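Chain naming here is simple, since letters A, B, ... match the order of the sequence lines and numbering starts at 1 in each. Just so you know, these numbers come straight off a predicted model, no measurement behind them.
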Amino acid sequence: MNLTLFVWRQKGPEDPGRLKQLEARDISPDMSFLEMLDLVNEDLIKQGRDPIVFDHDCREGICGTCSQVINGVPHGPEERTTVCQLHMRNFKDGDTIYIEPWKAKAFPVIKDLIVDRNAFEHIIQSGGYISAHTGGVPDANAILIAKHDADTAMDAAECIGCGACVAACPNGSAMLFAAAKVTQFAVLPQGAVEAKKRVNSMISSMKKEGFGNCSNHYECQAVCPKGIKVSFIAKLNREFIASLKT
Amino acid sequence: MILDGKSPSGPLSEKWDKRRQEMKLVNPANKRKYKIIIVGTGLAGASAAATLGELGYNVEAFCYQDSPRRGHSIAAQGGINAAKNYPSDGDSIFRLFYDTIKGGDFRAREANVYRLATLSNNIIDQAVAQGVPFARDYAGYLDNRSFGGAQVSRTFFARGQTGQQLLLGAYSALSRQIKAGTVTLHSRTEMLDLVVINGEAKGITVRDMVTGEIRSYAADSVCLCTGGYANVFYLSTNAMGSNVTAAYRAYKKGAFFANPCFTQIHPTCIPVSGDHQSKLTLMSESLRNDGRCWVPREKGDQRIPDEIPEEERDYYLERKYPSFGNLAPRDIASRSAKEVCDEGRGIGTSGYGVYLDFADAINRLGAGVIKERYGNLFEMYEKITGENAYKQPMRIYPAPHYTMGGLWVDYNLESTIPGLFVLGEANYSDHGANRLGASALMQGLADGYFIIPGTIAHYLAQTGPGKAGIDHPEFQKSREGAHDRMHRLLSINGKKTVNEFHRELGRIMWNKVGMARTEKSLNSALQEIPRLRAEFWENVTVPGSGAALNQELEKAGRVADFLEFGELMARDALLRNESCGGHFREEYQMPDGEAKRDDEHFSYVAAWEFTGEDSTPEMHKEPLTFENVELAVRSYK
Ligand SMILES: Cc1cc2nc3c(=O)[nH]c(=O)nc-3n(C[C@H](O)[C@H](O)[C@H](O)COP(=O)(O)OP(=O)(O)OC[C@H]3O[C@@H](n4cnc5c(N)ncnc54)[C@H](O)[C@@H]3O)c2cc1C
Ligand code: FES
C-alpha cells in the first residue's frame with residue numbers, strides 16, 4: 001500500500017517545528033509502524049535528506065522507549081498497543097497519517113519525534129522505591145502476600161513509563177504514572193513503612209516538574225499500552241489524604 | 001599464554017567464603033574517595049551501581065537509552081532460577097549447579113557456577129524486599145514453574161514480565177542512590193573507548209548522543225555491563241541498540257575476548273515475515289511447559305493444522321527426547337526445529353517454521369488457566385501475526401537470542417586488564433556453551449548485587465584513588481581517536497545505507513556462522529566478512545553531522561564494530577573442532593545427529609587477544625578442570 005505521511009520535523013528545542021509531507025510507498029501490511037518509518041528513512045537517506053529521528057529500542061512493547069502520537073492519539077489507533085507493536089494491517093492504501101511527538105510541558109522536544117522524559121526519572125528518584133539495602137533482607141517466603149494483593153501490585157507494576165498518559169491528558173498530568181508506582185508499593189507489606197513519605201514526595205515532585213493535575217478526563221487510561229487503570233489514581237488520592245493525618 | 005581463572009582452592013561449597021575472607025576491604029571513610037565507572041544499567045549494571053553507591057563509593061553510571069529502566073533486561077519474560085526448593089521437589093544448590101554446568105555442555109568454570117547457584121537464593125530475597133511482585137499462590141507463598149534443562153520447578157516469575165520487574169527493582173534501588181547523590185547518571189551517552197593507563201583501566205571516552213559532544217571520564221576502576229552481541233546476526237531478539245561496541249573497544253585495548261562463537265539460538269521465536277523485518281520477537285520458553293512442538297510427518301503437507309490428524313503429526317521433541325520432551329534445552333530444541341525444516345517438513349509460507357500447539361493444554365486445563373499463565377504472550381503473538389493462538393497453533397522458529405561468549409574474566413570478574421571488571425551478559429563466565437533458561441537474570445544480579453562489591457574493593461584497596469585525570473595524554477589520544485573515526489564515517493558519502501550493510505553481515509553470519517557450522521562455511525565467512533567491511537568503509541553513507549543527535553552515526557559506529565567482531569566469531573568457531581552446546585559443527589556429530597564433544601582436546605576457554613589492526617588475533621587457553629562433576633555425554637533422552 002501507499003500512504004501519505006505528515007511528520008513533525010523539529011531541528012532542536014528552540015526550533016518551532018512543523019509538519020512535513022512525506023510519501024511511504026510499497027508498504028506491506030505485515031510491517032510494524034516503525035518498520036514502515038525505517039523504509040521511509042532509507043529512502044530519505046538515499047536522497048541525501050535528513051532521516052526522521054524517533055525513539056525506539058526493544059520493539060516488543062516493553063521498554064517504553066517508543067513515543068509517537070499517531071493521528072492525534074498517543075501510540076495510535078490500536079488499544080493497548082505501543083507504536084512499535086502497531087502493525088500496518090491497521091491502515092489501508094491511500095491513508096493519510098499524522099505523526100507527532102509527545103506534546104507536554106514537562107517533556108520538551110529534543111529533535112523531531114524525540115522528547116526529554118527526565119521529569120519521570122525525577123518523580124521516581126523522589127521516592128518511587130522501597131529503601132531495602134542490598135543484603136540482610138529476610139527469606140522471600142517470610143513475607144506472605146495474599147494472591148489478590150500480589151496481583152494488584154503486578155497490575156500496577158506493569159507500567160512501562162512511556163509517558164503516553166501525560167501526552168494524552170489535556171492537563172499534561174502524570175497522575176497515572178505516579179499512581180501506578182504508589183499503588184504497587186502501597187498494597188505490599190514491604191512498602192507500608194515508607195508509604196506516607198513516598199506519596200508525599202512523589203506528589204511534590206510531580207508539581208515541581210511541571211505536570212498538571214488530574215481532572216478526571218480518563219484519557220490516560222484510554223491510551224495506556226499496558227491498560228493501567230484510573231482506579232489507581234483514586235488509590236493515590238486516598239493514600240495522599242491518609243498521609244496528611246498524623 | 002595459559003590463563004588462570006584464579007578460582008579459590010578447597011571444597012566447592014567453601015570457595016566463595018574462602019575468597020571473601022582473603023579479599024582486602026576498603027575502609028568506609030575511604031570509599032567516597034574512589035570513583036567507579038559503570039557502563040550499562042541493565043540488571044547487571046543497575047544492581048552494581050546501586051549497591052556500590054549505597055556502600056559509599058562515588059559512582060558514575062552510563063547508558064545509551066534515556067532511562068536505566070529501558071535496558072534490554074526489561075524484555076526478559078519467563079523467569080529467574082533459584083535453588084530455594086520451595087516446592088520440595090528435590091532441588092538443591094548442588095542440583096542447580098549441576099544442571100547449569102551440564103546445560104552449558106561442560107564448558108564453564110565449576111567454581112563460578114557453584115557460586116552462582118549459592119547466590120541465587122539471595123537474589124529472590126532481595127527482589128522481594130524491593131517489592132518485586134512475583135507470582136504467589138492462594139496461601140500467599142511464592143509460586144514456581146519449570147524451564148528447559150531441568151526436572152524441578154525452580155523458576156520464579158512475575159507473569160510474563162520477570163525481567164521487567166527485576167529491572168524495575170534494581171532501577172528503584174539505583175534511583176534511590178541517584179537521589180542520595182552517590183551515583184551520577186549519564187543517560188543517552190554511548191561509550192566509545194576504554195582508557196588504559198600504565199596497563200590499568202582508568203576511564204572511558206563517550207559521545208553525548210544529544211549534543212554529539214565527545215568527552216572523557218576518569219575513575220579508579222571501570223565495570224562494563226553492556227549486554228550481549230546477538231545483533232551481529234542483524235535479526236535477533238535483542239533491542240535495536242544492543243551492541244558489541246563497548247566490549248569490542250575494550251578488547252582492542254587489551255581485554256581478552258572469550259569464546260565469541262558461543263551464541264544461543266532460541267527455539268521459540270516468531271518466524272520472519274519478510275525483508276522489512278527489523279527484529280525478531282521471542283515467545284518465552286515457559287510456553288514449552290504447556291505447548292507441544294510438531295510438524296507434519298510428510299514433506300510438503302500444505303493442509304491447515306486442524307486438518308492434519310494426530311497420527312500424521314510428528315511431535316519430534318517428545319519422540320526424540322522422551323524424558324525431557326518439549327522441555328529439552330534450547331540448543332537441542334533449536335537444532336531439532338532446523339532439522340525438520342531442512343527435511344522439507346517446515347510449516348508456513350517460507351517453510352521455516354514449526355507449530356507450538358496448546359490445544360491439549362487448553363482441553364486439559366481450560367483456556368482460562370492458559371490465559372492466566374501466558375495471556376500477555378498470546379496477545380503479543382496476535383499483535384505481530386494477526387493470529388489467535390487459542391484457536392490455532394503458534395508458528396515459531398529459532399532466532400539468535402543470547403551470547404554466552406564475552407570478555408574473559410577471572411573468578412573475581414576482572415578482565416585481563418587490571419581494574420576492568422565485566423558483569424552480566426557482557427562477560428564470559430557461567431553459561432559455558434549453552435545457557436539454560438532463567439539463568440541470565442540470575443547471573444546478572446549475582447554479579448551486580450553480590451559479587452562485584454567484594455571483588456572491586458579488593459582491587460581498589462591495592463591501588464590509590466585518583467591516579468589519572470582526563471588531561472592525561474592517554475585520555476587526549478582516546479578523544480582524538482573517537483573524533484577521527486566519527487569524521488571518517490561522516491565523510492565517506494557512499495551509496496549504501498548502514499542498515500544495508502548490517503543486513504548483509506547478518507545474512508553471512510546466520511548462514512555460515514549460525515545454528516550449524518562447517519569448516520567450509522566458516523572459511524567462506526572469513527573471506528566474505530573482510531570484503532564487506534572494506535566495502536563499508538568505502539561505500540557507506542552516513543548523513544548529518546557529528547555535532548548533533550544523529551541516529552545513523554550511532555548505528556554506523558556499532559555496525560563498523562560488528563563487521564570486525566563477526567570475523568573473530570568465525571575464527572573462534574573454526575578452531576573449535578568439536579560440537580558443544582550452541583556451537584554445532586556438522587563434521588562433529590554422533591550417528592544420531594547429537595553434538596559430539598571432544599573433552600580431550602577442547603575442554604578449555606578460548607580467549608582471544610587483539611594484536612593489531614592487520615594482524616591475526618592470538619588465542620590463549622584457560623584449561624577447564626572438573627573436580628566435582630563427571631564429564632558426561634549430555635543426554636536428555
Ligand atoms: C527477549 C528476551 C527474553 C529473555 N528472557 C530471559 C528470561 O526469561 N530469563 C533469563 O534469565 N534471561 C532472559 N533473557 C536474557 C537476559 O534478559 C539478558 O541476558 C540479561 O538481562 C542481560 O542483562 P545485562 O545487564 O547484562 O545487559 P542489558 O540489560 O542488555 O543492559 C545493557 C546495558 O548496557 C548499556 N550499553 C550497551 N552498550 C553501551 C555503550 N556502548 N555505551 C553505554 N551504554 C551501553 C545499555 O544502555 C544497557 O543499560 C532474555 C533476553 C531477551 C532478549
Ligand atoms: S520500542 Fe520498546 S516499547 Fe516500543
Contacting moiety of A/Ser28, where chain B heavy atoms sit under 4.5 Å: side chain
Which portion of A/Glu158 sits near chain B, non-hydrogen atoms under 4.5 angstrom: both
A/Ala132 to B/Glu54 - nearest heavy-atom pair and separation: O-OE2, 3.9 Å
Euclidean distance, B/Leu549 CG relative to A/Asp112 CG, rounded to 0.5 Å: 8.5 Å
B/Arg70 side chain to A/His56 backbone, donor-acceptor under 3.5 Å: no
For the student: nearest non-hydrogen atoms of B/Thr237 and A/Glu60, plus distance: O-OE1, 3.9 Å
Chi angles and distances behind the side chain to side chain contact (heavy atoms under 4.5 Å, CB included) call for A/Ile145, B/Phe134: CA-CA 10 Å; A/Ile145 299 170; B/Phe134 283 125; over 6 Å; no
More than 12 heavy atoms of other groups within 6.0 Å of A/Glu79 CD: no
Proximal component of A/Ile160, with respect to chain B [non-hydrogen, under 4.5 Å]: both
Derivation of the side chain to side chain contact (heavy atoms under 4.5 Å, CB included) call for B/Asn238 and A/Arg59: CA-CA 9 Å; B/Asn238 284 10; A/Arg59 294 204 176 186; over 6 Å; no
Side chain to side chain, B/Arg136 and A/Asp149, heavy atoms closer than 4.5 Å: no
Side chain, backbone, both or neither of B/Lys495 within contact of chain A (heavy atoms, under 4.5 Å): backbone
A/His133, part contacting chain B, at a heavy-atom distance under 4.5 Å: both
Heavy atoms from other residues, nucleotides or ligands near CG of A/Asp93 exceed 12 (cutoff 6.0 Å): yes
A/Glu23 atom CD, neighbour heavy-atom count above 12 within 6.0 Å: yes
For the student: nearest non-hydrogen atoms of A/Lys46 and B/Thr497, plus distance: CE-CG2, 4.1 Å
Note, A/Ser32 side chain near B/His276 side chain (heavy atom, < 4.5 Å): no
Closest non-hydrogen atom pair between B/Gln164 and A/Cys159, with its separation: NE2-O, 3.4 Å
Approximate separation, where rounding is to 0.5 Å, of B/Ser175 OG and A/Ile123 CD1: 11.5 Å
Interatomic spacing from CG in B/Asp66 to CD1 in A/Ile110 - rounded to 0.5 Å: 7.5 Å
Residues A/Asp116 and B/Arg188 bridged, charged N to O under 4.0 Å: no
Min side-chain heavy-atom separation B/Leu174-A/Tyr129 under 4.5 Å: no
Stepwise side chain to side chain contact (heavy atoms under 4.5 Å, CB included) check, A/Ile62 with B/Gln161: CA-CA 9 Å; A/Ile62 191 73; B/Gln161 293 108 296; 4.0 Å; yes
A/Leu188 versus chain B, the contacting section by heavy-atom distance below 4.5 Å: side chain
Separation of B/Gln126 CD from A/Thr134 OG1 (nearest 0.5 Å): 5.0 Å
Side-chain donor/acceptor of A/Asp57 to backbone N/O of B/Ala239, under 3.5 Å: no
Options A/Ile45, A/Asp139, A/Leu34, ranked by heavy-atom pairs under 4.5 Å with chain B, top entry: A/Asp139
Under 4.5 Å from a heavy atom of chain B, the part of A/Ile52 involved: backbone
Which of B/Tyr138, B/Tyr449, B/Phe156 touches chain A most, by non-hydrogen pairs under 4.5 Å: B/Tyr138
Best-contacting candidate, B/Gly386, B/Ala139, B/Pro133, against chain A by heavy atom pairs under 4.5 angstrom: B/Pro133
Straight-line distance of B/Asn499 CG to A/Asn41 CG, nearest 0.5 Å: 9.0 Å
Portion of B/Ile178 that has a non-hydrogen atom of chain A nearer than 4.5 angstrom: side chain
Worked check of side chain to side chain contact (heavy atoms under 4.5 Å, CB included) between A/Val137 and B/Gln130: CA-CA 10 Å; A/Val137 297; B/Gln130 288 167 344; over 6 Å; no
Donor-acceptor pair, side chain of A/Gln125 and main chain of B/Ser172, under 3.5 angstrom: no
Gap between atom CG of A/Leu86 and atom CD1 of B/Ile384 - 0.5 Å precision: 12.0 Å
Pairs of heavy atoms under 4.5 Å with chain A: top-ranked of B/Thr385, B/Val132, B/Asp125: B/Asp125
Portion of B/Leu280 that has a non-hydrogen atom of chain A nearer than 4.5 angstrom: backbone
Which of B/Ser47, B/Ser278, B/Pro543 touches chain A most, by non-hydrogen pairs under 4.5 Å: B/Ser278
Contact summary for B/Arg69 and A/Phe177, nearest pair of heavy atoms: NH1-CE1, 3.7 Å
Contact origin within A/Asp38 toward chain B - heavy atom pairs under 4.5 Å: side chain
Residue, of A/Asp50, A/Thr152, A/Ile114, A/Leu44, that accumulates the most heavy atom pairs under 4.5 Å with chain B: A/Ile114
Note: B/Glu372-A/Lys147 ion pair, threshold 4.0 Å (strictly below): yes
Nearest non-hydrogen partners of A/His87 and B/Lys383, listed with the distance: ND1-O, 3.4 Å
Chain B contact via A/Asn90 - side chain, backbone, both or neither, heavy atoms under 4.5 Å: neither
Under 4.5 Å from any heavy atom of chain B - which part of A/Asp30: both
A/Pro51 side chain reached by B/Gln551 side chain, heavy atoms, under 4.5 Å: no
Interchain contact, B/Gln77 with chain A, by part (heavy-atom threshold 4.5 Å): side chain
Which residues share a salt bridge (Lys or Arg N to Asp or Glu O under 4.0 Å) with A/Asp155, sequence neighbours left out: B/Arg159
Heavy-atom pairs under 4.5 Å with chain B, option from A/Gln184, A/His122, A/Arg49 with the top count: A/Gln184
Side-chain donor or acceptor of B/Lys179 paired with backbone N/O of A/Gly127 under 3.5 Å: no
Modelled atom types, side-chain donor and acceptor of A/Arg117 and B/Ser67, under 3.5 Å: no
Residue part contacting chain B, namely of A/Gln85, when any heavy atom lies under 4.5 Å: both
Max heavy-atom pair count under 4.5 Å with chain A, selected residue of B/Val210, B/Leu168, B/Asp137: B/Asp137
